[in-house]
Amino acid sequence: MRWRWMLPELNGTRPFKSSFRAFFYALLLLVVASWLLLVIVHAWGSWGSWAWRWHIPSPPTPLAPHDLLEPKHHQLQASSADEQIPARVGDCTHWDCLNVYRCGGRGRDRLSVYVYPPQRYTNEKGDEAAPPLSLQYYTLLKTIIQSEYYTPDPTEACLFVPGIDTLNQETINLKLTEQALQSLSHWENGENHIIFNMVPGTNPDYNTVIDLHTGRALIAGAGFNSWTYRTSFDVSLPFFSLDAVSYNDNYPVEKSYFVISSQMNLYDDHVQDLQEMSEIHGELLLLLGTCDDESQSYNNSMRCQYKTSALFNYPEVLRHGQFCIVGRGIRLAQPALLEVMAAGCIPVVIADSIIMPFKSVIDWHRAAVFIPEDNLLSLINVLNEISKERRTEMANQAKWLYDNYFSSMKQITMVTLDIINDRVFPLMAKSYEQWNMPPNSNAASNPLFLPITAPKAPGFTAVILTFDRVESLFTLINKLVKTPSLQKILVIWNNQKKPPPPPSHWPVISKPLKVRQTKENKLSNRFYPYDEIETECMLTIDDDIIMLTPDELEFGYEVWREFPDRIVGFPSRVHLWDNITQAWKYHSEWTNQISMVLTGAAFHHKFWAWYYTVRMPSDIREWVDENMNCEDIAMNFLVANLTNKPPIKVAPRKKFKCPECTNTEMLSADIGHMTERSACVDRLSHIYGRMPLKTVEFRADPVLFRDTFPQKLKWFNDIGSL
């Protein structure tokens, strides 16, 4: 049985049925005709030709590297003598001169950079604005085009890079270059444009920024000083050197010289000071300069020693120095900086007001020594105060910075774009550690895989280790419960001979309280991953730490939320190297430096408790339990070894004495306690095969803590003093 249209008949006919068939055949004929039309159009020409005929815009053609070598000609129009090109805006910041609303289009979470096709800009007389692309600028543009930041479509670009080589100011015609920039299709007074320059200024002024009227354009340049550098807007570049060669670290050389000065264009006053020091400290300072022999005077690969005229190969000689001087010349930026770093020598920078390369992200005090120009004569004394360990760290840091950021134009270009990208998308930005700390083969970066900030809602669990100091324990519990983010209290009763007080004797509090009696008296019991710990954060605290206020504890928890992979706490200590005993020692005096936070009052992730119990070498745990000491030091070693990060001290309080406890009850009162602690630090460094602890000068305090504001405006008023 066939389906029939269940439609009513009108006047004895079937108009609906016949009309539908006619409509169906007409639709089928239209589809076939459209398909034939597409076949004909496709045969008629390529996408570009028929798209033009049908007024369909073609997609933008990406700029290929070989297009950089085939610039088209563009003749600049003669400008009126009265026409004023906007000068460089001196007070630009990231917030007012960069239109961030152009960034992040089409769901991109990174910069989109457009490169103008290079052109030969000439005036009516045939004078060129700039020479053909140098190898360095060609590499720079090629790197951008081949990077993930590149876009061929200027309408979706966040940043624009001119195809005009402005790296060396001495090779460009300033007036014509300014006109060429004005002629760019998206210039708009330089907004969202970036000008690259490494050799600013010309004789006789040698300005520290390129002498172009660049309007609101961002300058990525070498040689900035503190007056011309626009903080959080410009990017400070290194002076790229072709003579900088990265040497193989597998074949280290002997550091025969304490200080080497080999720069050719130092100020005359500085040269005189160095010559004076060479007379006094000839065995420590190797002073090199140009050679008197005319055949060698213009040879950049040779240096002659002061007075003796002994020949040295350059830059090979830099490998034999512990410190190498990088001084002010006619320009602040010097290629000697990269040559020194490539050789693994520690830069000694003698140039006041200099803006170091990539200063906004690189901590140069980890890799270089800075001496004021007026204090040059104190050079030897200052460098002698730096320990051998510190020298090794600085030399390794300088070499790592060179290899990762400065060894090629490609790296310099990508780091520049990365810095700008971090400013535009701060939530995706690299941290201080990612920029400045070399990855450790034995460490994992944030092994917890935690978000940037841990959630606040779950709060923390307080784990109290106690033996039988009941009065102090109850006082601590009553104080802890006043902390808003406290979720639970877990008491670890470490006394097997005496049971904990009955439930009726415990304080009545508004938070859950659980007591667990251990089977053995071990300090490691405080780090056991108990099932009762349901929060990610745990506060390990001794039963005699009753001086901390609820504000201090709450603030400590807030700091931990920002650094959930670290130990965050109150009492801090530092490790030091003892030159007499040739061993590491534990130092408990009040200093600005810290490398450990004691777990007698510290926040940390419960993952570390599991790692301490399950994954840490068992001989460490057994030694700690046997000697009833150093469990806090062992935890600091564990976290530092895995994260390569230092702990964080919270609030200024340094007094942690129990006012109601007698000194005889305290483990730290033992006369041999400090000796055992020092032996523990040295022992753990041998077990780990290195010293993983990181020394920092950092302390977290609440906002407005020391400011004279009304207490109602402050969140944490009850913070203890020193």
Side-chain angles (χ1 to χ4, degrees), residues 459-494 506-507 509-511 513 523 526 537-560 567-574 587-592 594 596-604 631-633 635-636 647-670 673-674 677 699-702 705-706 711 714-722:
F460 66 91
T461 301
V463 180
I464 307 173
L465 184 68
T466 186
F467 192 75
D468 61 358
R469 288 186 291 209
V470 176
E471 183 178 355
S472 176
L473 172 64
F474 289 175
T475 302
L476 174 61
I477 291 175
N478 284 319
K479 287 195 171 186
L480 283 175
V481 79
K482 298 177 182 178
T483 307
S485 294
L486 175 72
Q487 293 297 311
K488 180 186 293 185
I489 297 177
L490 176 62
V491 177
I492 308 302
W493 189 267
N494 226 17
W506 289 80
I509 59 177
S510 59
K511 300 291 178 69
L513 172 64
L523 291 179
R526 76 182 330 149
C537 180
M538 56 186 292
L539 167 68
T540 53
I541 188 167
D542 290 337
D543 58 4
D544 60 346
I545 305 297
I546 60 175
M547 68 294 301
L548 291 176
T549 66
D551 272 2
E552 288 174 321
L553 292 170
E554 185 68 16
F555 176 67
Y557 173 65
E558 291 293 335
V559 174
W560 175 87
I567 300 176
V568 177
F570 301 89
S572 61
R573 300 291 185 265
V574 69
H587 190 62
S588 64
E589 295 298 325
W590 293 2
T591 65
N592 290 329
I594 72 161
M596 292 174 280
V597 165
L598 304 187
T599 53
F603 294 92
H604 59 83
E631 86 286 357
D632 46 2
I633 298 177
M635 177 61 85
N636 276 271
I648 295 180
K649 173 175 172 50
V650 178
R653 181 189 293 276
K654 291 187 177 180
K655 296 180 180 179
F656 288 89
K657 293 183 179 180
C658 175
E660 300 177 6
C661 305
T662 60
N663 287 336
T664 56
E665 295 177 342
M666 300 178 65
L667 180 63
S668 58
D670 186 355
H673 178 72
M674 295 300 295
R677 304 278 282 183
R699 187 184 77 204
D701 287 336
F705 169 59
R706 301 287 295 181
Q711 290 190 355
K714 300 180 181 182
W715 282 11
F716 306 101
N717 292 298
D718 194 9
I719 300 291
S721 62
L722 294 176

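- Residues F603 and F570 come closest through the heavy atom pair CE1-CE1, 4.2 Å.
- Side-chain N/O atoms of E554 and S485 include a donor and acceptor closer than 3.5 Å.
- Applying the ring-ring contact (aromatic ring centres under 6.0 Å, His included) test to F474 and every residue at least two apart in sequence or in another chain returns W506.
- Interatomic distance, M547 CE to L476 CG, rounded to the nearest 0.5 Å: 9.5 Å.
- Taking the side chain as every heavy atom from C-beta outward, V568 and P647 never approach each other to under 4.5 Å.
- From S472, atom OG reaches atom CD1 of I546 across 5.0 Å, with rounding to the nearest 0.5 Å.
- Going from atom CE of M635 over to atom CD1 of I567 covers 6.0 Å, rounded to the nearest 0.5 Å.
- Considering all non-hydrogen atoms of both residues, G459 and C537 come closest at O-CB, 4.1 Å.
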Worked verdict on D542 versus R526 for side-chain contact (heavy atoms from CB on, under 4.5 Å):
CA-CA 9 Å; D542 290 337; R526 76 182 330 149; 2.4 Å; yes
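- In this structure, the side chains of M596 and I633 come closer than 4.5 Å at one or more pairs of heavy atoms.
- Considering all non-hydrogen atoms of both residues, I477 and P507 come closest at CG2-CG, 4.4 Å.
- Here R573 does not pair with D632 in a salt bridge; the nearest charged N to carboxylate O distance is not below 4.0 Å.
- For K482, the side chain to side chain contact (heavy atoms under 4.5 Å, CB included) test picks out P550, with sequence neighbours left out.
- A distance of 12.0 Å separates CE in M538 from CZ in F460, rounded to the nearest 0.5 Å.
- Side chain of T549 to main chain of E552: a donor-acceptor pair is present (N/O by atom type, distance under 3.5 Å, no hydrogens or angles).
- Under the rule for a side chain to side chain contact (heavy atoms under 4.5 Å, CB included), the partners of V481 that lie at least two apart in sequence or sit in another chain are I509, S510, K511.
- The shortest side-chain heavy-atom distance between I464 and L473 falls under the 4.5 Å cut-off.
- The structure places CG of L523 at 9.0 Å from OG1 of T599, a figure rounded to the nearest 0.5 Å.
- Residue N636 holds its CG atom at 10.0 Å from CD of E631, rounded to the nearest 0.5 Å.
- Summarising the geometry of A700 relative to I648, their closest heavy-atom pair is CB-CG2, 4.3 Å, with the distance given to 0.1 Å.
- Side-chain contact check for L553 versus L539: some heavy-atom pair is nearer than 4.5 Å.
- When all heavy atoms of A651 and R699 are compared, the closest pair comes out as O-CD, 3.4 Å.
- Residues forming a side-chain hydrogen bond (donor to acceptor under 3.5 Å, both in side chains) with T483 (at least two apart in sequence, or on another chain): none.
- Applying the side-chain hydrogen bond (donor to acceptor under 3.5 Å, both in side chains) rule to D543 yields the partners T466, R469; only residues at least two apart in sequence or on another chain are considered.
- The backbone N or O of L465 lies less than 3.5 Å from no partner atom in the side chain of N494, so there is not a single donor-acceptor pair.
- Heavy-atom minimum distance, I545 versus G600: CG1-O, 3.7 Å.
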